[in-house]
Amino acid sequence: MKPIKSRLFLDRFLKYVTFDTQSSEESETYPSTAKQLELSRYLVSELKNMGLHDVEMTEHGYVFATLLPNVRVHVPTIGLIAHVDTSPDVSGANVHPVINKKYKGGDIVLKKDKRQIIEAELNPALRDCIGHDIITTDGTTLLGADNKAGIAEIMGALQYMIENPEVKHGTVRVAFTVDEEIGQGTKYFDVEKFGAEYAYTIDGETAGEIEDETFCADTAFITIRGVNVHPGYAKGKMVNSLKIAAELLTKLPRDGMSPETTDKREGYLHPNSMEATVEETKIVFLIRDFDEEGLHEKHGFLQLLCDKLSKKYPPANIQLEIKESYRNMKMILDKHPVAMDNALEAIRRTGLKPQKNLIRGGTDGARLSFMGLPTPNIFTGGHNFHSKKEWISVQDMEKAVETIVHLCEIWAERAL
Ligand SMILES: [Zn+2]
């Protein structure tokens with residue numbers, strides 16, 4: 001494969017980060033902020049100029065486009081997906097990226113706020129980037145590599161395939177979504193119209209990584225109904241629901257089953273919010289695990305607690321209601337192993353060692369997978385997303401572009 005020139009993705013990335021595309025949790029509109037659409041419109045014109053087909057911005061602000069196949073045999077249509085918005089946590093206005101050429105190792109002090117230091121010790125991935133050109137912020141905003149690096153890498157790969165027709169590929173569909181950071185990225189995503197059989201979000205972190213697992217997530221609503229009477233005359237009558245709630249919370253394990261005591265493949269049972277009066281207390285729990293069996297164990301634990309306390313404090317009444325939030329996308333992806341196999345091979349062909357990872361959360365890819373479009377998540381090369389200490393290596397971005405090109409090629413190769 002001919003080398004990937006940095007003009008294909010780096011110039012684009014530096015342009016995209018100048019757009020402030022922060023989404024907002026507080027908004028009632030879709031997309032949550034109109035400024036996201038400025039980047040979407042810019043991408044539409046860029047895709048048109050590159051000669052892609054069916055370029056459009058949908059009424060909800062998604063950008064769709066098609067790269068036509070250059071082989072005659074039928075190759076499954078694959079989708080490449082990234083999101084235009086940046087996190088509501090940190091400002092994305094007036095981003096001034098700094099390129100630290102030929103990184104020599106050690107901490108990186110950010111230019112405009114010297115208190116902001118990307119510490120080598122806390123960023124083990126930096127060790128693999130000695131000699132790379134590292135892009136950081138100036139310390140006053142986020143960088144927006146999440147997910148403008150993904151957009152730039154997809155655009156770079158498309159440009160590369162247009163310029164190098166010897167790379168054989170089937171139909172490639174592209175989607176740039178909005179409002180991903182507030183969990184709404186696929187709300188109006190029309191899977192049928194998109195028309196891909198398999199897709200990839202380019203929204204992961206460390207070079208070489210690919211994610212095919214997310215949490216299985218449920219939400220539990222506990223309602224404790226006590227008995228309220230005038231406190232001056234409450235003897236033998238009042239049952240205070242706050243006190244039952246407090247007792248329930250102290251019965252949770254101290255050394256496990258919580259977000260603060262678990263990592264990797266462990267799940268948790270997490271009291272997330274509470275509304276309380278003497279009469280009635282409502283507690284919302286987040287329940288997380290990587291399989292449904294683990295979820296059900298946690299449901300059982302909670303149910304037992306509620307039953308015991310109900311018995312202990314009559315006539316108080318405790319109800320537990322469980323609602324499904326989302327499921328591990330591996331349940332879907334395991335039924336379509338070809339999606340992962342081809343991506344792992346694409347990463348291998350870049351010379352990187354593919355690393356399968358799990359996401360302790362949900363992703364748009366997980367939702368799309370359950371909407372009928374199996375969608376693993378491929379690395380962008382970015383780190384410290386949603387913070388002023390965000391950074392990305394230019395050489396790792398190049399590997400991401402290369403991975404996408406190989407991926408398109410492998411799908412065609414394996415269909416021949
Ligand atoms: Zn992202």
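Counting starts at 1 for both ligands and their atoms, in listed order.
Looking only at atom types and distance, the side chain of Asn384 has a donor-acceptor partner in the side chain of Asn123 under 3.5 Å away. Side chain to side chain, Ser23 and Thr33 fail the donor-acceptor criterion of an N or O pair below 3.5 Å.
Evaluation of the side chain to side chain donor-acceptor pair (under 3.5 Å) rule for Asn377 yields Thr201, Glu211 as partners, not counting sequence neighbours. When the side chain to side chain donor-acceptor pair (under 3.5 Å) test is applied to Tyr313, the partners found at least two apart in sequence or on another chain are Glu247. Taking His83 as the reference, nothing meets the ring pair (Phe, Tyr, Trp, His ring centres under 6.0 Å) condition, with sequence neighbours excluded.
Protein nitrogen, oxygen and sulfur atoms, that is N, O or S, within less than 2.8 Å of the Zn ion (ligand 1) amount to 4.
A cation-pi arrangement is present between Arg173 and Phe64, with the terminal nitrogen or guanidinium carbon under 6.0 Å from the aromatic centre and inside a 45° cone about the axis.
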